[in-house]
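Presented below is the structure to which this report refers.
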Protein chains: 4
Amino acid sequence: MSTSAGRKPRTDAERNRSRVLQVAGELFAARGDAVQMADVAKAAGVGIGTVYRHFPTRQALVAAVAEERFAGILRHAREECLSLPDTRQALVGFLDAIGRTHEAGRGVSGAIEATFGNTEPSGEVGAQLLDIGEQLLARGQADGTVRGDAGVSDLYMIAGAVAALSRNAVGDWRRFIDLALDGLRPQR
Amino acid sequence: MSTSAGRKPRTDAERNRSRVLQVAGELFAARGDAVQMADVAKAAGVGIGTVYRHFPTRQALVAAVAEERFAGILRHAREECLSLPDTRQALVGFLDAIGRTHEAGRGVSGAIEATFGNTEPSGEVGAQLLDIGEQLLARGQADGTVRGDAGVSDLYMIAGAVAALSRNAVGDWRRFIDLALDGLRPQR
Amino acid sequence: MSTSAGRKPRTDAERNRSRVLQVAGELFAARGDAVQMADVAKAAGVGIGTVYRHFPTRQALVAAVAEERFAGILRHAREECLSLPDTRQALVGFLDAIGRTHEAGRGVSGAIEATFGNTEPSGEVGAQLLDIGEQLLARGQADGTVRGDAGVSDLYMIAGAVAALSRNAVGDWRRFIDLALDGLRPQR
Amino acid sequence: MSTSAGRKPRTDAERNRSRVLQVAGELFAARGDAVQMADVAKAAGVGIGTVYRHFPTRQALVAAVAEERFAGILRHAREECLSLPDTRQALVGFLDAIGRTHEAGRGVSGAIEATFGNTEPSGEVGAQLLDIGEQLLARGQADGTVRGDAGVSDLYMIAGAVAALSRNAVGDWRRFIDLALDGLRPQR
DNA sequence: GATGAATGAGCATTCATTCAT
DNA sequence: CATGAATGAATGCTCATTCAT
């Protein structure tokens, strides 16, 4: 009742924020870094001032889009991969999510790269992603699927490579995942 | 004698061209894509018109810088790596050259990426690079160091990954080379 | 009351637009095509971005100035000439308006010419101008003042000639009007 | 003998000058004012320095092209028109030459206009052109074909009008010549 | 005389960000 | 809170002209 009353509730602002965020994601995906703040505003059906209210800077907007992307990957990893009994399959699923995301959102990656100089995850989500990697790696070492001297940084690099390859359309990144994970197995 | 006699305008022009090219490389390395044509001119000690005489477009300048980079890698691969008796070492040397180049010239990569959307070699130099990869791979398969189902595209992807990791300072790319090459070995 | 209440951003924008347009007209008149967008902005007391907001291109600005000019002529023709009982006088008045406009705005014509390659009216205003010419001609033919084989295109040419002569200060264009209209009379 | 000897005679320079002049005329005709000095040099097969040796300024080059044009008209008027027994025909021939020249060399007119603000003849050639006009007019007044109050300035204006109409493709300028000359006849 | 490389002021246009309403 | 007009620094590129060789 009180919520639906005459005054514009907090919800409206929130709705605008996510609207802008979503639209921005689509635009970046479609046009890469060549997206202007005004474009985002128009596509979202709001004034440009509103965009700036929620994202004080173009950088902030790009960062938000980037974070959402990683959140999606994180969610997928948690819900789909962690539960897989076969460690290798879990790793493949994890990396595959990264690949698919970057492949589908090349333009987004371009914008992020142009803005921050790299495409790596950061902040809370980044930490949790790293954590998942650690778990997977530990499991693999426990069941003998992953070489003992492998560290998260190794997996992190592989993930970075998958991201780069898929977003740049450099060959068959799924094949690369296999290759790289083979390199991560215990060597004779 | 011959030097002063032969000094024709043409010589000066060529000198200017390489001067500009070199300076541009350094500036891009230092500041990435945030380098203006006027900066290059000033740093090279020539008028901006001269820069444009040799490189009719900013794109053209970036392309020239990029090509020179790959030419350097190609030269290194030919002179230093191809002759190494141990195939693995040759491959490492090859990939290492890529890694070092990209690590040292991060800004350059940024400029190239910002300009062309990717950092891959192309044209004649690109083809020759690919050719070297093919030779190395063949050798490795002949001496049993490389898995039989490996193709150049696999090596190409690894090279791309090394480039991406080194220029983005994502972990220890030398370690990655080892990992990836392990993945390229014949698997049990 | 209503004025201050109704004053919305839109009003300001409109004010700016006409301010820019008017100032641009004056500058073009004074300096011909040698007027930079920045000059216009400064003279109008607005930022250069504002000029571009209203006229996305220099061409667009020139076109707007040109159209306004023809609109002025059209207005004059309608209000002052069409009502004159003497057809010859009406024609003279019409052509005179063209002459005066081009004489006063020589620089403007230069800019238009430099931008579009010609100085002819076009679009809606051009069509209406043509229409008035047709009316005048018909009237003249009805009252025996204008030769029967005369068409609008003839009048159009005369108008074009008047414009050219007056803006280039080639002799006494008022005299030319008389001469030309004499040529348009029924010949023995 | 001496002329054909080893040293480059004055003739060479002269040859270059006319080569440049001719080529410039063609280029201006084809592309209007959008012709660069370097284009002219290249098309003439000489260095840009040579162009500047003969025409110290772009303006000078344009002026030379313009003069040549009028010289052509003058020649035509003298050789073809002056001898015609019928004065009206002579006048038509004169104006027709102007019309044809401007129609064929629209681009040239554009360049001249852009450079000097008008397309009128000047200097010696201009004076002689005027002189011919005077002769024709006198003849016409003598044989009763031209109104007594007509002056050269009237013919000059008509010529200017023909030039403007033909170069701007505003209607049928041959028809205009007829109309204007009718206006120049003795009026009842 | 001829050549053409070098020069650099000049200019249109873009776009992130601010702020009055 | 929302709006969108205004801002102006930033930037790639052109082209007439000069001058060393």
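Order of the sequence lines sets the chain letters (A, B, ...), proteins ahead of strands, with each chain counted from 1. Any value given below was found using the heavy atoms of this structure, including those in side chains, with hydrogens, waters and symmetry copies removed. Remember, predicted model here, so these are calculated numbers, not experimental data.
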For a quick test of reading the model, state the closest non-hydrogen atom pair linking B:V125 to B:A71 and the distance between them.
CG1-N, 3.9 Å

Considering just the side-chain nitrogens and oxygens of [X], establish if one lies under 4.0 Å of OP1 or OP2 belonging to [N].
X     : N      : answer
B:H54 : E:dA6  : yes
A:N16 : F:dA2  : yes
D:R58 : F:dA16 : yes
B:T50 : E:dA5  : no

Starting from [atom2] on [N], measure out to [atom1] on [X] and report it in whole angstrom.
X     : N      : atom1 : atom2 : value
A:M37 : F:dG4  : CE    : P     : 16 Å
B:Y52 : F:dT11 : OH    : P     : 12 Å
D:R53 : E:dG4  : CZ    : P     : 15 Å
A:Q36 : E:dT14 : CD    : C1'   : 7 Å
D:I48 : E:dA6  : CD1   : P     : 14 Å
B:D39 : F:dA10 : CG    : P     : 12 Å
B:E14 : E:dG4  : CD    : P     : 16 Å
C:K42 : F:dA9  : NZ    : P     : 10 Å

Flag the pair B:R19 and B:D12 as a salt bridge only when some basic side-chain nitrogen lies within less than 4.0 angstrom of an acidic carboxylate oxygen.
no

Return whichever of C:P56 or A:P56 has its heavy-atom-nearest nucleotide of DNA chain E closer to the 5' end.
C:P56

Mapping D:V46 and B:G45 onto DNA chain E by nearest heavy atom, which one lands closer to the 5' end?
D:V46

Is the backbone of B:Q36 close enough, under 3.5 Å, to the side chain of B:D39 for a donor and an acceptor to pair up by distance?
yes

Begin with the C-alpha distance, continue with both residues' side-chain angles, and end with the deciding distance and a verdict on side-chain hydrogen bond (donor to acceptor under 3.5 Å, both in side chains) for C:T101 and C:R167.
CA-CA 9 Å; C:T101 301; C:R167 83 156 168 272; over 6 Å; no

Closest nucleotide of DNA chain F for A:G47 versus for C:G49: which of these residues is on the 5' side?
A:G47

What is the base-pairing partner of E:dT7, counting Watson-Crick and G-U wobble geometry with both distances under 3.5 Å?
F:dA16

Apply side-chain contact (heavy atoms from CB on, under 4.5 Å) to the pair B:D33 and B:E113, showing each step before the final yes or no.
CA-CA 9 Å; B:D33 196 48; B:E113 171 103 36; over 6 Å; no

